[in-house]
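To keep things clear, I will list the structure first and then write my remarks on it.
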2 protein chains.
Amino acid sequence: MTVSKTASDAVRPQRSLRREPVDPAGDDGMLQLGELSGLLGYSLKRAQLKVFEDFLRCVAPLQLTPAQFSVLLLLDKNPGRNQTEIANTLGILRPNFVAMLDALESRDLCARMRSANDRRSHILVLTDRGRAVLARAKKLVANKHEARLIEVLGPANHAALLEMLAKLAQEF
Amino acid sequence: MTVSKTASDAVRPQRSLRREPVDPAGDDGMLQLGELSGLLGYSLKRAQLKVFEDFLRCVAPLQLTPAQFSVLLLLDKNPGRNQTEIANTLGILRPNFVAMLDALESRDLCARMRSANDRRSHILVLTDRGRAVLARAKKLVANKHEARLIEVLGPANHAALLEMLAKLAQEF
DNA sequence: CGATAATTGTTATCAACTATACCAAATATC
DNA sequence: GATATTTGGTATAGTTGATAACAATTATCG
């Protein structure tokens, strides 16, 4: 141990005696984030949590998580694909994709069909109900979720943000 | 069920017959992301994973996770605080913070000291070793991790990105 | 052709992270 | 001084991510 085990709280370094440029935080109240505010990963994680939170709120009437929504979107845009292809594209491991599909299939949003060519693979298709739910979800996401994002950031910033995040997701 | 249970794969909608503006993806190869590329939350999550991945690589010699690094940073900037204050600031639930602190304390990076004022709370302090590790971690993060981010994005974009993410993390 | 390798969906399992309820000790409130 | 609140902690459960292994099927190649 390199420190004494009891702290008289008077040991706190005297702040605001010498008037240093310090973020607004007294001995009480909010803590200083320090270089944490400059850590991209930190803000990235915090922003992601907030955005997902809002997504869940906006699409709550349809009971869809971001991951489930992304699956439905992908199935719609890529008919005739099997589980491995969809899972890989979304960065979901095949074993973990099974339960996810079970949930969607049990709600009659999609279905597995045996491929005629390869009897190992399951071709994934949206059901009519799946298509309907996806359509409603798209509207909720566009009109409530993304709309709010654009409102907060401004359209230009929103586009720039999207571009930078995509760049990071790819080339980083 | 609204769909037949077997799929002759010939049902795939004919693409590239009519020359539509379509992202580069044939019947084989990469799948089309569709409106997924426009979903901010999607790129946000993907970017966050990549950035954390790189953080872990860069700071691997010190065996620090992003969460652990953020705790050390906060302890350094905010001496004399207790577990609840640190945990709350980082969005960590107090029960979950216990094991995290145990791990850091077992590595002699920080220590809990009973407060003289309030015998319930544990004042958290960095040990000398904790300060040393933090100093090394800061350098690794700045020179390897953040440096690479700035290189990929460009300094101006990096700053703009940080600003927008901070805005989302706060006002959203 | 036939032996061997690779792929697909799946199960089981584990680690990590998140979230809630609850508890004892200590402190605050009235 | 009775009651409520706070603090650190335990137990626990849910969620997500990751690995190993397996049967069925298909691909590869001698």
Side-chain angles (χ1 to χ4, degrees), chain A residues 5-7 9 28 41-42 44-46 48-50 52-53 55-56 63-71 75 80-106 110-125, chain B residues 5-7 9 28 41-42 44-46 48-50 52-53 55-56 63-71 75 80-106 110-125:
Chain A
K5 267 307 184 193
T6 30
D9 297 4
D28 54 341
Y42 179 75
L44 204 43
K45 179 75 182 289
R46 290 240 134 165
Q48 185 257 316
L49 289 175
K50 288 259 195 170
F52 268 44
E53 209 177 289
F55 182 98
L56 286 174
Q63 285 285 89
L64 284 182
T65 67
Q68 290 173 325
F69 179 68
S70 70
V71 169
L75 292 191
R81 300 296 189 157
N82 63 25
Q83 300 186 195
T84 299
E85 291 172 314
I86 300 293
N88 282 342
T89 303
L90 292 176
I92 304 173
L93 295 174
R94 276 76 77 216
N96 299 332
F97 194 46
V98 174
M100 214 181 141
L101 268 186
D102 288 347
L104 291 176
E105 201 172 15
S106 76
C110 71
R112 311 178 219 224
M113 303 190 304
R114 307 223 76 94
S115 163
N117 304 334
D118 189 338
R119 286 163 54 197
R120 290 170 298 185
S121 58
H122 292 170
I123 302 303
L124 297 179
V125 292
Chain B
K5 266 307 182 192
T6 30
D9 296 5
D28 53 342
Y42 179 74
L44 204 44
K45 180 75 182 288
R46 290 239 132 165
Q48 185 257 316
L49 289 176
K50 287 259 194 170
F52 269 44
E53 209 177 289
F55 181 98
L56 286 174
Q63 285 285 90
L64 284 181
T65 67
Q68 291 173 325
F69 179 69
S70 69
V71 169
L75 292 191
R81 300 296 189 158
N82 63 25
Q83 299 185 194
T84 298
E85 291 171 314
I86 299 292
N88 281 344
T89 303
L90 293 176
I92 303 173
L93 294 174
R94 277 76 78 214
N96 299 332
F97 194 46
V98 174
M100 215 182 139
L101 268 186
D102 289 346
L104 291 176
E105 201 172 15
S106 75
C110 71
R112 309 179 221 223
M113 302 189 305
R114 306 221 77 94
S115 162
N117 304 334
D118 189 336
R119 285 163 55 199
R120 290 170 298 183
S121 57
H122 291 172
I123 301 304
L124 297 180
V125 293

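From a predicted model like this one, the values you see are computed outputs, not experimental measurements.
- Scanning all heavy atoms of the two residues, the minimum distance from B:Leu44 to A:Gln48 falls at CD2-CA, 3.7 Å.
- The distance between atom CG of B:Leu93 and atom P of D:dA13, rounded to the nearest whole Å, is 18 Å.
- In this structure, A:Gln68 atom CD and D:dT15 atom P are separated by 11 Å, rounded to whole Å.
- Rounded to whole angstrom, the span from the CE atom of A:Met100 across to the P atom of C:dG9 amounts to 15 Å.
- Checking B:Lys45 against B:Val98, the closest nucleotide of DNA chain D that is more toward the 5' end is the one next to B:Val98.
- Counting to the nearest Å, the P atom of C:dG9 and the CE atom of A:Met113 are 13 Å from each other.
- Atom P of nucleotide C:dA6 and atom CG of A:Asp118 are separated by 17 Å, given to the nearest angstrom.
- Contact of the B:Cys110 side chain with the B:Leu124 side chain is not registered, since no non-hydrogen atoms from C-beta on lie closer than 4.5 Å.
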Would you sort out whether B:His122 and B:Met113 count as a side chain to side chain contact (heavy atoms under 4.5 Å, CB included), showing the intermediate values? CA-CA 5 Å; B:His122 291 172; B:Met113 302 189 305; over 6 Å; no

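- Among the nucleotides C:dT27, D:dT26, C:dT8, the one closest to any side-chain atom of B:Arg120 is C:dT27.
- Nearest to the side chain of B:Thr84, among C:dT11, C:dG9, D:dT7, sits D:dT7.
- Comparing A:Asn82 and A:Leu49 by the nucleotide of DNA chain C that holds the closest heavy atom to each, the one mapping nearer the 5' end is A:Asn82.
- Residue contacts for A:Arg94: at a heavy-atom cut-off of 4.0 Å it reaches a base atom on one of the strands shown.
- Counting only heavy atoms from C-beta outward, the side chains of A:Ser70 and A:Thr65 never approach each other to under 4.5 Å.
- For the pair A:Arg94/A:Asn88, a side-chain contact is recorded, criterion being any heavy-atom separation below 4.5 Å from C-beta on.
- When the P atom of C:dT13 is taken as reference, atom CG of A:Asn96 falls 15 Å away, rounded to whole Å.
- Rounded to whole Å, the distance from CZ on A:Phe97 to C1' on C:dT11 is 17 Å.
- The CD atom of A:Gln83 sits 16 Å away from the P atom of D:dT25 (whole-angstrom rounding).
- When the nucleotides D:dG8, C:dA19, C:dT27 are ranked by their closest atom to the side chain of B:Arg119, C:dT27 comes out on top.
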